[in-house]
There are 2 protein chains.
Amino acid sequence: MTKPRVRNMEEFSSFSGVSRPTVSKYFNDADSVRASTRQKIEKALEQCDYRPNIFAINQNRKLTKNFGIVVPYLADPFFAEIARRIETLVIAAGLRPILLSSHGDPELELGNLDALRLIKPAGVLLAPLGRASNRMALEAFCADVPTVNFDANIEGVGRAFVGHNNDQATEIMIEYLLRSGEPPVFFEMRTPPNPNANKRRVAYIDTMERRGQNPQIVQAEGEGWKIEEIGYREGRRAISENLFSTNTVFCSNDRLAIGFLSAAYELGLRIGRNDDCALRVAGHDNHPFSRYTCPTLTTVSHDYSAIAQRSVETVLKLIESETFPSQRETTLFDGELIMRASA
Amino acid sequence: MTKPRVRNMEEFSSFSGVSRPTVSKYFNDADSVRASTRQKIEKALEQCDYRPNIFAINQNRKLTKNFGIVVPYLADPFFAEIARRIETLVIAAGLRPILLSSHGDPELELGNLDALRLIKPAGVLLAPLGRASNRMALEAFCADVPTVNFDANIEGVGRAFVGHNNDQATEIMIEYLLRSGEPPVFFEMRTPPNPNANKRRVAYIDTMERRGQNPQIVQAEGEGWKIEEIGYREGRRAISENLFSTNTVFCSNDRLAIGFLSAAYELGLRIGRNDDCALRVAGHDNHPFSRYTCPTLTTVSHDYSAIAQRSVETVLKLIESETFPSQRETTLFDGELIMRASA
DNA sequence: TATTTAATTTAACGCGCGTAAATTAATATC
DNA sequence: GATATTAATTTACGCGCGTTAAATTAAATA
C-alpha cells in the first residue's frame, strides 16, 4: 500500500529502469521520448510519487516556467477577476503563475518586481499602479524580463500594451446618455491613481465638444485606492452643494459610482431613467458588483476575456521569439454598453 | 556608473574580500557575523548588485523561507482583505508569502497544495473551500507541512484553527434585532459552500429557542460562489412568494445580503428600521462593500486583524517549535455589531 | 539481412549554494 | 603579555538536476 519513497531522479531512474538523462528529458517534454519508454516512466510514476525538485530544475535554467502577474490592488474585485482569468490561461500554457498585488503601494510594487527577478520568470504581465509608480524602475525591470503592460498604460513600460479602449468606451456611453436624456456631467477624482482616468476625462471632453455640448466636470478630492469612500463622501458633498448642472452623472469608474449611489440613496434621491427620478448615474468598468447596486448600474464594460487572452498571448509570443520587438505595440479592446437601471 | 556584474557568491566573495562561507552566513543571518565584516559586505553590496540565487539556496534547505497562503476565492473582497493583512504580517516576519486562490474549485485547491509542496514552504495558512474540499488530501498535506487552518474550520485539517466566533456573533445580532423590532427570519443557502454557514444556522436556531422565539429559516437554492446572484434571485423569489413571516431578515452572510438588498430595491421595498420601511435586513461578515449598499448594511464584523495576527503567530510558533502539537487548538475571535441603516 | 536513423545509456561535468572540519586570525579575559 | 574564546578562512563535499559527448542499442528502412 505505502508507496516507496523516491528521493531523486537517480533513484527514480533505477526504479523505473530508464536512464536518468532520459527521465530528465521526459520531464522537460514527455513527447520527446519514445512512446514505449514514456509508458515505462508513467507506469513507474503511478507506483511511486516522485516529482522533480523544482529548485534543482530551475537552478541551471536561465528561464524558468514561472510567470509573474502583478496587479496594483487585489482587493479590488476588478483586478481579482482579471487576474483569475489570466491565471487560468497561464496554467493552460503550462506555466506556473505567481500572483502579486502591490496593495496600492509603490514601494511594494518595486518589491514585487524584485521578488519576481529572483525567480527568473519566463514572462510577466504587469498592471502598474500608475501615477505613483516608479517609472524608471519599471522600465529597468521590463528591459530584463519579457514583460507586457496591461490595464494601465505607462509609456515605455513593457514591450507591448494591452488594455481597454477608453476613448471608444467613453464615447458610446456619452452618445447613449445624450440621446436618452440630459447631457452628462463627468464625475471623477481630481488626482486619480490610475492613468485610465485621465484618458477618460480627455475622451469625455473631446466627445462632448464634438457633439456640440458643453463639458462639465465635478472633481472629487481624496487620494489613494479607497475609491468607494471618495465617491460617497465627495458625491454627497457635490449633490448637497448642487454642483451638477444636469440630471445626468457619468462617473469615471464604477467604484466611484458605487460610492456615489450610496450617497444619493442616503440623501433620498431616486436614481434611474424614469420620470420620477432625480438623477441618472452611469459608471465605467462593469465592476463585478455593479449589477448589485441600487439601482443596478448602467456602465460600459471592459472586454475582460479578450484583454486577458491577448495579454497572455502577447507575452507568450514574446517569450517564444526571444527577440525585442522593434516597437511597443498597443492593443485596445472596445467596451460594450451595459444597460441597467441607473441610467 | 555601471556596476560590475557579480554572478555568484564566489565572485562576490573575492569582490568583497570576505570568504564565501562567511558571506553565506551573512545572508542567512546578517547578525551572525562580526560587525566589521558585516560592514565590509554591505559596502560591497552597494557597489555591485549581487543577490544570492534563490533556487540554489533552497535546494539544500529542507525548509525554505516560502510561506503559503491559500484562500478559497480571491475574487471575494473578504478574502482579498484578510489575505492582504496576512501577507503584510508574513513579510514582516521575514518570510516570502505566496498567495494562492482556489477559485472555488476543489481540484484547484489540491493543485495549489501540490504546488506548495514543491516549494517546501516553512508554513502554510489554509482557508479551505469547505464542503467541496477533499478532506483526506488536505489532511495528508497538513501532516507534511506545518499548516494552520483559518476561516473555515474543517476538523482534522491543520494543526490549529483560528477563526470567527459564529455563535457569539450570531447571538449578538439576534439579540439586537429582537430588542429593536420583530424577530429575525434566517435567510441562507440550502447548500452553502462554506462551513461557517452551518455554524450560523445552528447558532440562529439555538439562540432563538433560548429566547423563547420560533426560529424560521428561508433557504436559497443554488450552488457555488456566485453568492450575490443567489441572494438576488432567491431573495426576489422569497419576497414575491411572501416567505418571510416577520419584517426582519437576517442573512447568513453579507454577500447574500447584498444580493437580497438589490432584489428588495428592485421590488420597491424600503429597507431600514424606520416606520415607513417594509423590511429590516442584517448581514454577517462586515464585507468591504457592506458600507456602500443601499441602505448601508447592518452587520456583524469579523475581527479581521486579530484573526490575521493570531493565524500568523500560530504558524510561526509551529514552525519554531518544530513539534507536532498534541492537540488541535481552536481560537475564535468575537464579532462586533456594526450598526448601519438596514436594520 | 544489412543499413540507416533515431533513441537510449554511460560517464562526467557544472550550476550556486549549504555546510562541516580543520586551521588561522582576531578579540576578550585574566 | 599569555591564555582562552570567538570569529573568519581554507578546503572539500554534497544537493538534485541540466546537459553534453561518445558508445551502445533499438527501431525503421531498404
Side-chain angles (χ1 to χ4, degrees), chain A residues 4-45 48-66 94 96 115 117-122, chain B residues 4-45 48-66 94 96 115 117-122:
Chain A
R5 282 201 185 169
V6 175
R7 314 169 62 97
N8 54 37
M9 200 177 275
E10 192 72 47
E11 280 189 29
F12 180 75
S13 165
S14 52
F15 181 87
S16 61
V18 177
S19 76
R20 197 177 68 73
T22 305
V23 171
S24 172
K25 220 165 159 247
Y26 167 84
F27 278 107
N28 279 313
D29 177 8
D31 286 323
S32 68
V33 302
R34 200 154 43 205
S36 58
T37 57
R38 178 174 172 171
Q39 279 187 337
K40 265 164 80 178
I41 292 176
E42 287 174 350
K43 194 173 168 186
L45 231 33
C48 68
D49 52 354
Y50 165 71
R51 303 186 56 183
N53 180 311
I54 203 168
F55 300 111
I57 290 176
N58 287 331
Q59 176 165 1
N60 296 330
R61 282 201 192 292
K62 281 205 183 126
L63 214 83
T64 69
K65 298 233 164 197
N66 294 328
R96 232 170 59 86
R117 265 209 164 92
L118 288 182
I119 60 172
K120 303 187 226 166
Chain B
R5 282 201 185 170
V6 175
R7 313 169 59 99
N8 54 34
M9 200 177 274
E10 192 72 48
E11 279 189 29
F12 180 76
S13 166
S14 54
F15 181 88
S16 63
V18 177
S19 76
R20 196 178 68 74
T22 306
V23 172
S24 172
K25 216 164 165 250
Y26 166 84
F27 277 108
N28 279 314
D29 177 8
D31 286 322
S32 68
V33 303
R34 200 156 41 209
S36 59
T37 57
R38 178 174 173 169
Q39 279 188 337
K40 266 165 75 177
I41 292 176
E42 287 174 350
K43 194 171 166 189
L45 230 32
C48 66
D49 51 354
Y50 166 70
R51 302 185 59 183
N53 180 311
I54 203 169
F55 299 110
I57 289 175
N58 288 331
Q59 173 162 9
N60 296 332
R61 282 199 193 292
K62 286 218 178 107
L63 213 84
T64 68
K65 298 234 165 194
N66 294 328
R96 232 170 61 85
R117 263 208 166 94
L118 288 182
I119 60 170
K120 304 187 222 166

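Throughout, a chain's letter reflects where its sequence line sits, starting with A, and its residues are numbered from 1. Just so you know, these numbers come straight off a predicted model, no measurement behind them.
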Interatomic distance, [X] [atom1] vs [N] [atom2] [rounded to whole Å]:
| X | N | atom1 | atom2 | value |
| --- | --- | --- | --- | --- |
| A:Ile41 | C:dA7 | CD1 | C1' | 12 Å |
| A:Phe55 | D:dG14 | CZ | C1' | 18 Å |
| B:Lys120 | C:dG18 | NZ | P | 13 Å |
| B:Lys40 | C:dA26 | NZ | C1' | 12 Å |
| A:Glu11 | D:dC15 | CD | P | 11 Å |

### Message
Please determine whether side chain to side chain contact (heavy atoms under 4.5 Å, CB included) holds for the pair B:Arg51 and A:Leu118, giving the CA-CA distance in whole Å, both sets of side-chain angles, and the decisive distance to 0.1 Å.
### Response
CA-CA 8 Å; B:Arg51 302 185 59 183; A:Leu118 288 182; 3.5 Å; yes
Under 3.5 Å between N/O atoms: give me all the protein pairs with nucleotides 22-30 of chain D, atom names plus distance.
none

### Message
Tell me every residue that passes ring pair (Phe, Tyr, Trp, His ring centres under 6.0 Å) with A:Tyr50, counting only those two or more places apart in sequence or in another chain.
### Response
A:Phe12, A:Phe27
### Query
Under 4.0 Å between a side-chain N/O of B:Thr37 and OP1 or OP2 of D:dA8, yes or no?
yes
### Message
Using OP1 and OP2 only, check whether a side-chain N or O of A:Thr22 sits under 4.0 Å from C:dT9.
### Response
yes
### Query
Which atom pair, heavy atoms only, marks the closest approach of A:Ser32 to A:Lys25?
O-NZ, 3.0 Å
### Query
What are the two closest heavy atoms between B:Lys120 and B:Gln59, and how far apart are they?
NZ-O, 3.7 Å
### Query
CD1/A:Ile57 to OG1/A:Thr64 distance, rounded to the nearest 0.5 angstrom?
10.5 Å
### Summary
dist A:Arg96:CZ -> B:Ile119:CD1 (nearest 0.5 Å) comes out at 6.0 Å
### CD (B:Gln39) with more than 12 external heavy atoms under 6.0 Å
no
I'd like a list of close polar pairs between nucleotides 17-21 of chain D and the protein, N/O only, cut-off under 3.5 Å.
{"from": "D:dC17", "atom 1": "OP1", "to": "A:Tyr50", "atom 2": "OH", "distance (Å)": "2.5"}
{"from": "D:dC17", "atom 1": "OP1", "to": "A:Asn53", "atom 2": "N", "distance (Å)": "2.8"}
{"from": "D:dC17", "atom 1": "OP2", "to": "A:Met9", "atom 2": "N", "distance (Å)": "2.3"}
{"from": "D:dC17", "atom 1": "OP2", "to": "A:Tyr50", "atom 2": "OH", "distance (Å)": "3.4"}
{"from": "D:dC17", "atom 1": "O2", "to": "A:Asn60", "atom 2": "ND2", "distance (Å)": "3.4"}
{"from": "D:dG18", "atom 1": "OP2", "to": "A:Ser24", "atom 2": "OG", "distance (Å)": "2.4"}
{"from": "D:dG18", "atom 1": "O4'", "to": "A:Asn60", "atom 2": "ND2", "distance (Å)": "3.4"}
{"from": "D:dG18", "atom 1": "O6", "to": "A:Arg20", "atom 2": "NH2", "distance (Å)": "2.8"}
{"from": "D:dT19", "atom 1": "O4", "to": "A:Arg20", "atom 2": "NH2", "distance (Å)": "3.3"}

### Query
B:Tyr26 pairs by side chain to side chain contact (heavy atoms under 4.5 Å, CB included) with which of B:Val18, B:Leu45, B:Asp31, B:Thr37?
B:Leu45
